[in-house]
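Heads up: the structure comes next, in structure tokens.
Everything numeric here is computed off the predicted structure, so don't read it as measured data. Atoms within each ligand, like the ligands themselves, are counted from 1 in listed order.
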Amino acid sequence: MLKRVWYKIRPFVPKWFLPGIRWSYRNYMRFYCRSVGLFDRWHLRKTGFSTLPPAPLRYRVHGSPKIEGFLVVGKTCRDDIESTLEQLGKRLVDFSRVLDFGCGCGRTMMWVKEHARHVRFFGTDTDAEAVAWCQACLPFAEFRVNDPLSKLVYPDDQFDLIYGVSVFTQLDEAYQFYWLEELRRVVKPGGVVLLTVLGEHCWQTLGPADQEHLRETGFLFRVTNRMKGIFPEWYQTAYHSQDYVLREFSVYFKVLAYIPRGLSDFQDMVVLQKDGLVST
Ligand SMILES: C[S@@+](CC[C@H](N)C(=O)[O-])C[C@H]1O[C@@H](n2cnc3c(N)ncnc32)[C@H](O)[C@@H]1O
């Protein structure tokens, strides 16, 4: 709501006013996260989880520190991954080694624990603090920190399923191509990769010029200073068109499906497969 109002009034706000607004917003969010965090223990009892990521970590992946939304979205992500796999005639438990690429503080991973008897789960992220929480609190999976732009620690052909929820929504084009190549390296031949993107449904908050740019080129990397000091510089917002994804992602993978609003009824789900036979 606040975001929508901001996007509407922003063109009329004098430029010299912006740094002050950004500074106030960032500090307000820090204060807000701390205050929400004070009530975590009380909320925790209602959730059935013995522990949850602290409020600032929740805020970083979710845009809000509130526990209810964090849990609902995490569960929805797990459900949407499962129903996408169903369309391929598979279930999560049919895979033996699954990587959550850009796992953050485990918003999705928290919900797959019940499958851990059959599946080995792995998670990797650039956010060392989020990974440390996962390592301490989600012992059924193995977590690693990776650099923003260098090889993952895993050998070639390791995973039969990789999913990346809301990760390619943050990367510029050079990073995007780097990570498509790297994910292709670590997934097994015949293995499946699920990635989400901000497709046409998510363009509504953009101005006419940005939407026009997207219609023409299919890709937009939007840099703002709103989160300066909270997220790294390379971590911004990327939007995609379906045509662009089909064209560019197919250089690395076979595109099995493109499902508009396939994640949380908001982001688009891209279903990819590495060439070759599945080796189980
Ligand atoms: C919006 S959050 C989503 C986190 C998680 N997938 C979820 O759904 O809760 C995006 C995550 O991607 C991570 N990320 C961004 N670029 C990455 C990269 N190159 N390698 C690994 N993680 C990355 C960020 O640190 C962040 O935790």
(Q) Using a 3.5 Å cut-off on N or O atoms only, is Asp100 in polar contact with ligand 1? (A) no
Q. What part of Gln170, side chain, backbone, both or neither, has a heavy atom within less than 4.0 angstrom of ligand 1?
A. side chain
Q. Of the backbone atoms (N, CA, C, O) and the side-chain heavy atoms from C-beta on, which set of Tyr175 has a member under 4.0 Å from an atom of ligand 1: side chain, backbone, both, or neither?
A. neither
Q) Can you tell me if Phe101 has a non-hydrogen atom under 4.0 Å from ligand 1? A) yes
(Q) Heavy atoms only, cut-off 4.0 Å: how does Cys77 contact ligand 1, side chain, backbone, both, or neither? (A) neither
Q) Is Asp160 salt-bridged to Arg97, going by a charged N under 4.0 Å from an acidic O? A) no
Q) Against heavy atoms of Leu171, which atoms of ligand 1 measure under 4.0 Å? A) 16 (N)
Q. So, for Phe143 and Trp133, is the gap between ring centers shorter than 6.0 Å?
A. no
Q.
So, 4.0 Å and heavy atoms of Ala130: is ligand 1 close enough to count as a contact?
A. no
Q: Taking only Lys NZ, Arg NE, NH1 and NH2, and the carboxylate oxygens of Asp or Glu, determine whether Arg78 and Glu82 approach each other closer than 4.0 Å.
A: yes
**Q.** Results of side-chain hydrogen bond (donor to acceptor under 3.5 Å, both in side chains) for His213 - residues two or more places apart only
**A.** Thr217
Q: Answer with yes or no whether Pro148 contacts ligand 1, where contact means a heavy atom under 4.0 Å from a ligand atom.
A: yes
